[in-house]
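Presented below is the structure to which this report refers.
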Amino acid sequence: MNEHERWIVLEGAVNVRDLGGLPTTDGGTTRFGRILRSDNLQGLTPADIEFLVGTLKLRHVVDLRSNTEVRLEGPGPLAEMPEIGFHHHTLFAEGGRFTDAAADAIDDRALPWGNSPRLDEELQVTGYYYGYLRDRPDSVVAALRALAHDDGLAVVHCAAGKDRTGVVCALAQAVGGVTREAIVADYAVTGERIGAILARLRASDTYRDDLDSKSDDHHVPRAEYMERFLTTLEDRFDGPMGWLDRNGWTAADTTALRARLRD
C-alpha cells in the first residue's frame with residue numbers, strides 16, 4: 001500500500017490516516033485496519049460514522065484533548081454510538097488559552113537541555129513535546145495501552161492531529177518496530193493537510209485565537225522536529241522504549257501493542 005492509500009477520506013475530518021503500511025526494522029510492515037490517527041472528530045457526518053463504525057469496525061476512540069477542549073467542544077458524535085469505547089487522556093500541556101494549537105509561552109522546564117536565552121522554533125516545539133512526557137506520563141502510557149485493545153479498530157486524535165497525536169503515534173510506532181525514517185515521515189506528512197486542518201479549527205472559537213497568534217507556516221509539522229524529539233529520548237532515556245520502561249510500561253504492554261500493529 002502506498003502513502004496515498006493510507007489516507008481515510010471523510011467529510012468531517014481532514015487529517016485521518018491508517019498506521020498500516022509502515023516499514024519496520026525487521027523488514028516487515030505494520031498492519032492496516034488496526035489504528036488510525038486523526039484530527040478533531042467533532043464534525044463527523046452520519047456518513048462518516050457509518051463508514052467508521054459500520055464498515056471499518058471502529059471500536060475505540062483515544063481522545064488526547066484537554067479537559068477544557070472537551071468541555072467547550074463536547075465529546076463528539078461518536079460518543080452517541082454504543083459500540084464505541086472512549087478513552088480520554090489529556091496530555092495537559094497547553095500553551096495557548098485553551099489548547100496547544102499555538103504555544104504562545106514555552107515553559108522552560110519542558111526543555112531537557114535547560115534554559116536558553118534564545119530558543120529557535122525547532123527547540124520550542126521539541127520542548128513542549130517533551131513536556132507531554134514530563135507532565136503526563138500517566139496519560140501517555142494509558143493512551144498507548146488503550147490503542148493496544150484487540151477488539152476492533154482504534155483511533156487516536158487531538159485537535160489538529162499533529163502534535164499530541166504525533167507524539168503518541170511516534171511512541172506507538174517505536175513499540176511496533178517502525179523504522180525511525182518512517183516515524184519521522186508519518187509525522188511530517190500531516191503538513192500536506194495543514195491548510196484544511198487550520199481552516200477547520202478556525203471555525204471554532206475554542207481554537208481561533210490560539211491559531212491566529214502565529215503564522216500558518218508556524219503550524220507546519222517539520223521532519224526536524226520529530227528528529228530532535230527522538231534524539232532527545234535517545235540521549236536521556238536510551239530511546240522511546242527506555243522512556244516507556246521508566247514510566248510503568250511492561251513487557252506485556254509491548255507484546256499487546258506489537259500484536260496490534262504487526263500480527
Side-chain angles (χ1 to χ4, degrees), residues 3 6-8 13-20 22 30 35-41 61-66 69 89-96 99-103 106 110 121-137 139-141 143-144 146-147 154-176 178-194 196-198 200-201 207 210-211 214 217-234 239-240 243-244 257 261:
E3 181 62 45
R6 293 182 57 226
W7 290 103
I8 305 295
V14 296
N15 188 25
V16 187
R17 60 186 181 275
D18 202 304
L19 295 192
L22 299 174
T30 53
I35 298 174
L36 306 180
R37 57 179 295 169
S38 179
D39 52 337
N40 203 340
L41 300 174
V61 174
V62 179
D63 186 349
L64 303 177
R65 293 176 302 162
S66 69
E69 286 171 276
H89 299 294
T90 175
L91 301 194
F92 206 68
E94 297 88 38
T99 77
D100 68 350
I106 303 299
E121 187 173 276
E122 180 180 336
L123 295 179
Q124 290 183 358
V125 171
T126 305
Y128 69 82
Y129 286 3
Y130 185 83
Y132 303 153
L133 307 189
R134 182 205 66 211
D135 293 337
R136 292 306 301 263
S139 286
V140 173
V141 170
L144 291 169
L147 292 176
V155 60
V156 56
H157 79 95
C158 52
K162 67 182 179 74
D163 297 318
R164 291 168 285 187
T165 298
V167 167
V168 169
C169 285
L171 293 175
Q173 290 160 352
V175 173
V178 175
T179 66
R180 177 167 174 150
E181 293 77 12
I183 292 173
V184 171
D186 181 56
Y187 165 80
V189 78
T190 287
E192 296 179 7
R193 303 290 176 95
I194 198 66
I197 293 167
L198 297 179
R200 284 193 69 224
L201 293 177
Y207 300 107
D210 288 343
L211 289 170
K214 302 289 184 180
D217 186 68
H218 172 86
H219 300 293
V220 175
R222 307 185 192 282
E224 55 265 31
Y225 301 164
M226 183 54 63
E227 286 279 8
R228 186 178 288 272
F229 174 70
L230 293 174
T231 296
T232 297
L233 293 185
E234 290 172 356
W243 181 86
L244 287 166
L257 187 51
L261 286 169

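Numbers here simply count residues along the sequence, with the first being 1. Note: hydrogens, waters and symmetry copies are ignored here, and every other heavy atom, side chains too, is used.
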Heavy-atom closest pair, residues [X] and [Y]:
| X | Y | answer |
| --- | --- | --- |
| P221 | T190 | CG-CB, 3.9 Å |
| H219 | L211 | NE2-O, 3.1 Å |
| G20 | D18 | N-OD1, 2.7 Å |
| V140 | Y132 | CG2-O, 4.1 Å |
| S66 | T90 | CA-OG1, 3.3 Å |
| A174 | I183 | N-CD1, 3.9 Å |

Q: Answer yes if the side chains of R180 and T231 hold a donor-acceptor pair under 3.5 Å, and no otherwise.
A: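 Yes, side-chain donor-acceptor contact under 3.5 Å.
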Q. Is any side-chain N of the basic residue among D63 and R164 closer than 4.0 Å to the acidic one's carboxylate O?
A.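 R164 and D63: not salt-bridged.
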Q) Can D186 and R37 be counted as an ion pair, charged N to O under 4.0 angstrom? A)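 A salt bridge links D186 with R37.
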With a 4.5 Å cut-off on side-chain heavy atoms, are [Y] and [X] touching?
| X | Y | result |
| --- | --- | --- |
| V167 | Y130 | no |
| L144 | L244 | yes |
| I8 | R17 | no |
| V156 | L36 | no |
| W243 | V141 | yes |
| L147 | L261 | no |
| Y187 | T165 | no |
| R6 | L19 | yes |

Let me confirm one number: the [atom1]-[atom2] distance from [X] to [Y], rounded to the nearest 0.5 Å.
| X | Y | atom1 | atom2 | answer |
| --- | --- | --- | --- | --- |
| K162 | D39 | NZ | CG | 11.5 Å |
| I35 | T30 | CD1 | OG1 | 9.0 Å |
| L198 | I194 | CG | CD1 | 4.5 Å |
| Y207 | D210 | OH | CG | 9.5 Å |
| L22 | E181 | CG | CD | 12.0 Å |
| Y129 | T232 | OH | OG1 | 12.5 Å |

**Q.** N15 side chain to A160 backbone, donor-acceptor under 3.5 Å
**A.**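 Yes; at least one donor-acceptor contact below 3.5 Å.
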Q) Distance-only, no hydrogens or angles: does the R200 side chain make a donor-acceptor pair with backbone N or O of N40 under 3.5 Å? A)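 A pair under 3.5 Å: yes.
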Q: Determine the sole option in L64, V62, L91 for which the side chain to side chain contact (heavy atoms under 4.5 Å, CB included) test with C158 is passed.
A: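 The option that passes is L64.
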(Q) Set out, in order, the CA-CA distance, both residues' side-chain angles and the distance that settles side-chain contact (heavy atoms from CB on, under 4.5 Å) for H157 and R65, then state yes or no. (A) CA-CA 8 Å; H157 79 95; R65 293 176 302 162; 3.7 Å; yes
